[in-house]
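Quick notes on the structure that follows.
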Amino acid sequence: MSKPQEVGLDGAIRLSRRIGDGDIKRGDTILEVRDLGVKFWVNGEWFDAADEVNYELKAGEVLAIVGESGSGKTQSSMSLIGLLPSNGRAVGSAKLKGTELIGLSGTRLREVRGNEIAVIFQEPMTALNPVYTVGFQIAETLRTHFVMAPAQAKARAIDLMRLVEIPDPEGSFDKFPHQLSGGQRQRIMIAQSLACDPKLLIADEPTTALDVTVQAEILKLMRELRERVDAAIILITHDMGVVADMADRIIVMKDGRVVEHGTSDQIFNDPQHPYTKALLAAVPHLGTTATDFAPALKVSLVREGDTPIPLGPGDAGATAALLMEDVTIEYPKQGRRPAFRAAKNINLRVDPGRVVGLVGESGSGKTTIGRAAVALLPVVEGTLHVAGRDITHATNADLYPFRRDVGIVFQDPGSSLNPRLPVGESIGEPLFLHEKLRGKELSDRVEALLDSVELPRAMRNRYPHELSGGQRQRIGIARALALEPKLLIADEPTSALDVSVQARVLQLFSDLQERYGFACLFISHDLAVVEMLSSQIAVMKDGVLVEVGPTPEIVNNPKHPYTQRLLSAVPVPDPAEQKKRRELRDAIIESQHLVS
Amino acid sequence: MTDERPNEEPQLPSEQGTPGIVPGEQLPEPSETTEDATGRGEGIGEAKEVEGLSQGQVVWRRFIRHKGAIFGVVTLGLVALLAISAMGIGPIPGWWLWQDPMKPLTQVNQGVPTLTLPTWLGGPGFEVGEHPFGQDNIGRDNFAAVMAGIKTSLLVMTVLGLTALVIGVTIGSLAGYYRGKLDTFLMRLTDLAITLPVIVLGAVLGRLIGGAPTKFGLPLEVGQWITANMPLLLGFALGMILWPSLARLVRAEFLSLREREFVDSARVAGASDWRIITKHILPNAIGVIIVNTTLLMSAAVVLETALSFLGFGINPPNVSLGALISMNQSAFQTRPWLFWWPGLFIILIALSINFIGDGLRDAFDPRTKRIPSKREMDKALSRISPANAQEVAS
Amino acid sequence: MIRFLLRRLGLALGTLLVLSFIVHFMVDLAIDPLDDLRQSTAGNKAELIARREAMLMLDQPWLTRYWSWLSGFLQGDPGYAWRTAQPVVDVMGSAIAASVTLIFASTILALLLGIMIGIVSALRQYTAFDYSITFVSFVLYSLPVFWVAVLLKQFMAIGLNDFLNAPALNIPLTVGISIVAGLFWAGALGGDLRRKLAIFGIGAGITAGMWIFILYSGWLNTPAIGLIGLAILGLGTALVVTLMFAGINNKRALYSALTTAVVGLALYYPLQWLFYLYEMNMAWMMGLLVVAILMAMGIGWLWGGPDRGVSMRGAVIVGIVMSFLMYIDRIMQVYPYFFRHTLIKGRPVATIGASTPNLTGDFWLMQLDRFMHLLLPTIALVLISFASYTRYQRGSMLEVMSQDYIRTARAKGLPERVVITRHALRNALMPLASIIPVDLVSLIGGAVITETIFGWHGMGKMFIDSLKGSEIDPVMAYVMLTGALAILANLAADLLYAVLDPRIRVNA
């Protein structure tokens with residue numbers, strides 16, 4: 001197997017015309033983009049989403065377009081196949097093998113889509129039609145561009161599914177998207193995009209919606225595929241680690257403009273533009289432990305078999321800010337849906353002034369622990385102490401004084417603030433409720449809090465939708481700190497933010513932690529972020545803790561296989577180092593025989 | 001082979017009754033709240049548009065931009081003004097000549113309407129005359145009757161709206177917030193409500209109110225009070241059968257809002273249930289409540305007139321537009337105006353409210369955006385980049 | 001699956017029981033069977049009252065009356081209408097058939113119209129066409145059904161009957177209709193200005209031409225589709241069906257559809273003989289339809305090719321359309337006789353009742369008679385209810401068209417036709433399953449009014465009359481029947497939903 005044609009396309013007659021003459025060879029220039037711009041018509045005026053984008057792309061090459069949200073990286077690529085929203089227009093020129101793409105319409109455009117240029121979308125759950133089987137959706141692509149009998153298309157689709165390492169491709173052919181896991185769905189998307197042997201693949205954030213270990217597997221697959229197919233790949237992403245893993249050349253975009261363009265090596269090792277430098281500096285880099293004080297726990301505790309990890313030693317003489325002993329947490333039964341046990345036999349402590357990181361993938365139960373710690377979820381077994389107070393079976397009335405001692409910062413800054421309240425009121429609410437502050441006093445405290453999270457005081461009268469994501473998250477932090485709690489739960493506080501914003505919020509967070517000295521349970525899927533802040537890390541998988549240990553131990557010397565896999569899966573924003581890590585990662589994936 | 005969690009919870013079919021809607025609720029267009037879709041360009045400009053405005057101002061701006069809604073507000077306002085000023089309200093008499101729509105008068109021009117069109121509309125010249133909407137066969141003034149009927153309809157509609165609003169919001173929010181038994185009860189109740197047409201229940205209730213004085217041998221004063229306040233009672237009774245649809249929607253809204261993180265934030269901050277419901281959730285559900293109460297009110301106008309038409313609603317001496325049509329349907333060939341005018345005003349009122357409701361829905365829906373037509377955009381594009389516009393057009 | 005059904009069925013029976021309890025209480029409270037006696041001046045007034053009280057158990061507590069009704073009902077005796085001493089079963093027998101015909105005819109028509117117009121409106125979002133449809137549906141929405149029904153009965157029917165007696169060309173009306181038709185097609189089919197103008201011209205021209213042809217060929221006196229009309233319509237359907245569901249490039253699908261149409265044409269005369277030789281009835285009609293479907297499937301199968309399913313589906317649709325057209329054609333053939341019939345007196349569009357009393361004739365004549373009676377009430381109900389389907393379908397379609405998988409389908413290079421018919425349509429139709437039962441219930445409510453106005457002895461009129469006459473048993477029978485119908489519709493919708501949406505696992 002060296003090219004997809006060999007797995008079943010031979011003999012099939014193409015319905016759709018191809019562009020250019022015959023097959024492409026590696027190194028041929030496929031795409032020439034000149035002064036490409038994308039404009040959106042908003043309220044009677046044109047708004048530039050991308051402007052003066054220029055690049056060339058050769059067969060077999062991976063071009064990464066990097067930028068933060070709103071940088072125009074997606075729109076400039078979607079304009080190549082006329083997939084802009086209805087109020088968008090493309091200007092300029094983009095030639096695929098000499099054929100102008102901008103302004104194509106009707107049959108000519110359809111012959112390019114899927115046939116010459118294929119797209120891998122970000123969210124495989126919503127990008128696949130829920131009411132058709134995945135096999136049908138792959139075969140449909142084939143039969144749109146080829147004269148093919150259903151049986152022939154099915155055979156080719158199964159070959160493609162085998163190519164992307166779907167387990168039991170014959171059986172999976174008749175499965176619906178919701179019956180597959182996220183990683184498998186993304187594999188289906190990839191198989192579908194390769195179906196017609198396109199000249200150009202556009203991968204729009206192909207791994208963003210996936211967990212990091214699944215992301216690693218998809219990246220591995222994509223690396224292998226790029227050796228096998230001659231197509232050029234445009235990789236659109238915000239993740240510098242993914243870029244370091246895949247890209248030959250990189251375009252950095254900001255506010256619709258290309259700020260830097262160079263080879264992967266140039267961009268990572270010798271960035272010229274200040275924005276590129278700032279962007280690179282903002283990316284949390286795994287393996288840079290900054291904690292300088294020694295935790296009580298010296299060695300990692302590892303889960304073996306079914307025995308839960310015991311409670312580690314605490315700081316001498318300190319009352320733990322958070323103490324979970326053999327805690328099991330359930331989502332209560334709702335109607336006919338049975339109760340769901342999201343975390344089992346958890347032993348965890350957070351000492352005053354310490355930051356403990358809790359790492360896990362989606363569905364691992366890490367958020368559950370955070371919510372139980374602030375009494376938003378009931379503890380069904382074990383005991384839970386917060387700042388010395390037993391809240392295991394506390395009633396609402398008992399909880400009232402307890403509320404002063406805890407604060408929580410949520411992941412989604414869009415949803416964690418009441419849209420109908422000015423943010424000043426949101427910040428002031430705990431003060432209003434607990435310290436019974438009113439009028440001037442309340443207003444002074446709110447202003448002080450805004451100062452402490454480095455926001456202008458005037459912002460207190462704004463509504464959440466008027467603020468950017470980073471600003472909203474600062475408001476969220478200010479509210480959580482309003483009562484100067486002893487324990488702060490930070491539930492993925494930065495994962496919805498762009499990297500540069502994330503860096504600033506994290507900086508603020510660690511400054512505040514130093515200033516107020518609260519204990520913190522920092523929940524995140526991002527090991528690099530957790531590593532920057534915490535002295536101890538707990539790793540969680542499927543509702544149980546699998547490893548707890550001091551940060552350097554966990555990062556440099558992981559013991560549990562899952563921790564090892566998790567760590568190896570995190571791509572680092574450095575091509576040379578990532579190359580080494582990649583080999584390790586691929587070895588682990590191979591050895592553990594994992595297919596998402 | 002995989003360490004991922006099983007996929008999303010399966011959606012059970014109608015876990016608690018049908019995933020449907022209940023009568024009285026109109027235009028249940030599917031919608032879900034989506035956060036701004038940055039990265040796909042659709043969110044672009046949205047933030048710019050609403051900068052520096054409170055939610056209320058945003059809604060207001062969108063509302064007044066909605067031509068249909070403005071048409072509705074103006075029309076409804078004018079109709080209400082005309083009816084109330086003509087027939088008076090409470091002790092204040094109106095300006096219209098004939099204040100009693102039941103009084104037989106001398107036939108003017110065989111009862112043909114004296115309202116004539118102005119010359120520029122092809123009429124003999126604008127004139128109102130003594131009986132602009134004509135008279136019936138015993139000479140009663142149709143204008144007075146129609147205006148009185150409008151007043152009745154507006155009263156029934158308002159009372160019904162308020163009743164349904166209060167009950168529906170209370171029960172809906174409690175059921176949605178606390179779930180449990182109350183929720184089950186509400187769902188069973190709405191299951192019941194969707195099995196019978198509202199008109200059937202309405203007819204039974206109308207008959208109950210109308211027949212109560214004689215059936216139960218109530219004292220004369222009580223009987224008179226009931227007769228005099230028939231519109232009020234009917235509105236209240238109909239509100240009692242129409243609230244479940246609103247409660248159901250409020251419940252659904254509460255169910256989704258209570259899972260939002262700002263509610264958790266408030267709870268962690270120590271807010272009481274009462275405070276969470278009234279301060280945090282209710283203001284966010286206000287859109288659903290206003291829109292659906294409005295639509296309920298437009299359904300109410302049609303329902304009240306239909307019941308009166310069938311004889312189970314408003315009876316003389318009260319005047320209802322439906323009863324007028326019922327009375328005069330056989331006179332259609334000889335005196336068609338007795339049929340046209342009440343019908344026209346029913347439609348006008350219901351249409352205005354529907355348009356207002358539509359405008360409110362658009363105004364409250366964060367996803368509503370004005371997208372210009374393709375031609376308009378091509379034209380605009382050609383101004384800034386002529387070469388490309390030609391390409392697009394070709 | 002069985003468990004799910006049983007659970008839902010149990011729940012439904014419980015709901016019905018509670019419903020009967022509440023409604024019986026309310027109706028019992030509302031009606032006053034002694035009303036007429038109380039106002040009577042007869043000397044033996046007290047005795048009469050006492051006798052009636054005993055007959056209707058009014059001297060006993062309500063619960064006893066409820067229990068007596070319920071036990072009777074459960075044993076299959078829904079009581080009797082005491083004023084006429086007629087058992088409810090007798091009253092209901094014909095009433096059910098009349099109401100169900102009306103309700104189903106209206107629902108199906110309203111659904112088809114509503115869905116089609118809603119989808120087109122969504123696809124032409126923000127165009128003049130979309131705005132007009134929105135406006136019209138708002139107006140229809142605000143129309144009270146009783147007003148429309150009275151209007152149709154007192155205004156339309158007379159005009160229509162007069163017109164049918166002396167068809168004459170009304171120039172402004174013809175021009176108006178042609179322009180509206182042209183605008184409709186231009187708006188619905190869309191395209192650039194030139195294309196729209198062309199469509200407008202063709203649409204308006206064909207409409208005007210058809211109209212003039214109908215008037216001057218005497219078609220209105222002896223209406224028929226005929227072999228030529230059948231050929232045009234059948235082949236046209238074959239083309240459209242292929243274009244919509246398979247794409248005109250799929251030659252085998254096209255040939256299957258066309259062959260089915262041709263076979264249908266070839267069978268036209270043999271069928272006329274069949275109709276002539278044998279007395280027809282509904283069972284015959286259904287049987288013939290089944291035969292037609294099987295034949296169409298066979299044709300699709302024989303043309304076969306790789307996409308056998310697609311070919312067969314297209315052929316079956318054409319087969320059904322052809323059968324229906326031939327049925328209509330045969331009914332039209334009795335029109336001249338019907339028109340001159342002494343009981344009809346040249347007023348074919350009926351305004352009273354569900355059928356002409358005392359009219360006797362063959363199957364076709366009775367069908368035509370029923371159709372003429374159904375015409376106006378159905379128009380009234382469809383006008384009112386299709387607007388809500390339009391709005392709903394439009395919203396649902398817009399929602400689906402903005403989904404990611406539609407973008408994926410486009411990115412795959414699928415033609416827009418396939419994107420819409422295959423990927424959007426099925427997803428957009430699913431939510432409809434949940435509003436059909438609700439709309440059905442409000443349509444039943446509308447039928448109460450329509451039946452009253454058009455003098456149909458249907459369930460709705462029975463309800464109104466009995467409520468007025470203080471007869472509780474027929475009222476309860478109506479309530480139970482309507483309730484059962486609504487619950488069945490809900491159940492059917494749930495099942496439909498489960499079939500349409502693979503994400504739903506029926507595991508309750």
Side-chain angles (χ1 to χ4, degrees), chain B residues 10-15 17-23 26-32 68 188 191-192 194-201 203-205 207-208 211 214-215 298 302 305-306 309-312 322 325-326 329 332-333 336 339 343 346-351 353-355 358 371-373, chain C residues 15-16 18-19 22-23 26-27 29-32 35 38 125-127 138-139 141-147 150-151 154-155 388 391-392 394-396 399 431 434-435 437-438 441-442 444-445 448-449 452 463-464 467-468 478-479 482-483 486-487 490 493-494 497-498 503-508:
Chain B
Q11 290 172 284
L12 302 176
S14 35
E15 174 65 17
T18 4
I21 332 72
V22 256
Q26 301 199 351
L27 296 186
E29 284 168 39
S31 75
E32 54 182 50
R188 291 289 152 271
D191 275 359
L192 274 183
I194 58 167
T195 47
L196 276 191
V198 274
I199 194 139
V200 168
L201 282 174
V204 174
L205 282 183
R207 162 100 214 207
L208 176 64
T214 49
K215 178 172 181 185
S298 87
V302 178
T305 49
F309 177 86
L310 290 174
F312 294 111
I325 292 176
S326 170
Q329 58 168 320
F332 187 86
Q333 293 303 318
F339 172 83
I346 297 175
I347 296 169
L348 218 52
I349 296 173
L351 189 63
I353 305 176
N354 272 327
F355 270 122
D358 190 51
I371 307 267
S373 76
Chain C
T15 309
L16 267 184
V18 177
L19 187 76
I22 297 174
V23 177
M26 276 172 39
V27 175
L29 204 63
I31 57 171
D32 186 5
D35 195 25
R38 227 180 258 130
Q125 199 192 7
Y126 302 124
T127 62
F138 267 108
V139 172
Y141 232 48
S142 315
L143 287 181
V145 65
F146 63 92
W147 191 79
V150 171
L151 192 67
Q154 305 283 359
F155 194 66
S388 74
R391 292 293 294 162
Y392 193 83
R394 176 180 178 273
S396 154
E399 184 81 21
S434 64
I435 75 147
V438 177
V441 171
S442 58
I444 294 174
V448 171
I449 296 166
T452 314
F463 164 76
I464 292 293
L467 189 64
K468 278 193 175 144
Y478 174 80
V479 166
T482 317
I487 286 172
N490 265 311
D494 280 353
Y497 215 94
R503 282 166 296 182
I504 288 176
R505 267 176 296 162
V506 182
N507 58 355

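In what follows, chains carry the letters A, B, and so on, assigned in the order in which the sequence lines appear, proteins first and then strands, with residues in each chain numbered from 1.
Looking only at heavy-atom pairs under 4.5 Å with chain B, the residue among C/Val23, C/Val27, C/Ile31 that has the most is C/Ile31. Contacts with chain C were tallied for B/Leu201, B/Ile347, B/Val302; B/Ile347 has the most, counting heavy-atom pairs under 4.5 Å. For chain B, the option among C/Ile464, C/Leu143, C/Ile487 with the highest count of heavy-atom pairs below 4.5 Å is C/Ile464. For the set C/Thr482, C/Ile444, C/Leu467, the entry with the most heavy-atom pairs within less than 4.5 Å of chain B is C/Leu467. Ranked by heavy-atom pairs under 4.5 Å with chain B, the list C/Thr127, C/Leu29, C/Val18 is led by C/Leu29.
Here the closest heavy-atom approach between residue B/Val204 and residue C/Ala30 is recorded as O-CB, 3.5 Å. The heavy-atom pair separating B/Leu310 from C/Ile449 by the smallest distance is CD1-CG1, 4.0 Å. When every heavy atom of C/Lys468 is checked against every heavy atom of B/Arg207, the shortest pair comes out as O-NH1, 3.0 Å. The two residues B/Leu196 and C/Gly483 make their nearest non-hydrogen contact at CD2-N, 4.5 Å. Shown here for C/Ser142 and B/Leu351, the closest heavy-atom pair between the two residues is OG-CA, 3.2 Å.
When heavy atoms are compared at a cutoff of 4.5 Å, B/Phe339 approaches chain C by way of both its backbone and its side chain. Only the side chain of C/Thr452 comes within contact range of chain B, judged by heavy atoms closer than 4.5 Å. Proximity to chain B (any heavy atom under 4.5 Å) is shown, for C/Val479, by both the backbone and the side chain. Only the side chain of C/Tyr478 comes within contact range of chain B, judged by heavy atoms closer than 4.5 Å.
Counting heavy atoms from C-beta outward, B/Val200 and C/Phe463 have side chains that approach closer than 4.5 Å.
Here the CD1-CZ distance, from B/Ile199 to C/Phe146, works out to 8.5 Å after rounding to the nearest 0.5 Å. Here C/Leu16 contributes atom CG and B/Thr195 contributes atom OG1; the two are 7.0 Å apart, rounded to the nearest 0.5 Å. Note that the CZ atom of C/Arg391 and the CG atom of B/Asp358 stand 5.5 Å from one another [nearest 0.5 Å]. A distance of 5.0 Å separates CG in B/Leu192 from CD1 in C/Ile22, rounded to the nearest 0.5 Å.
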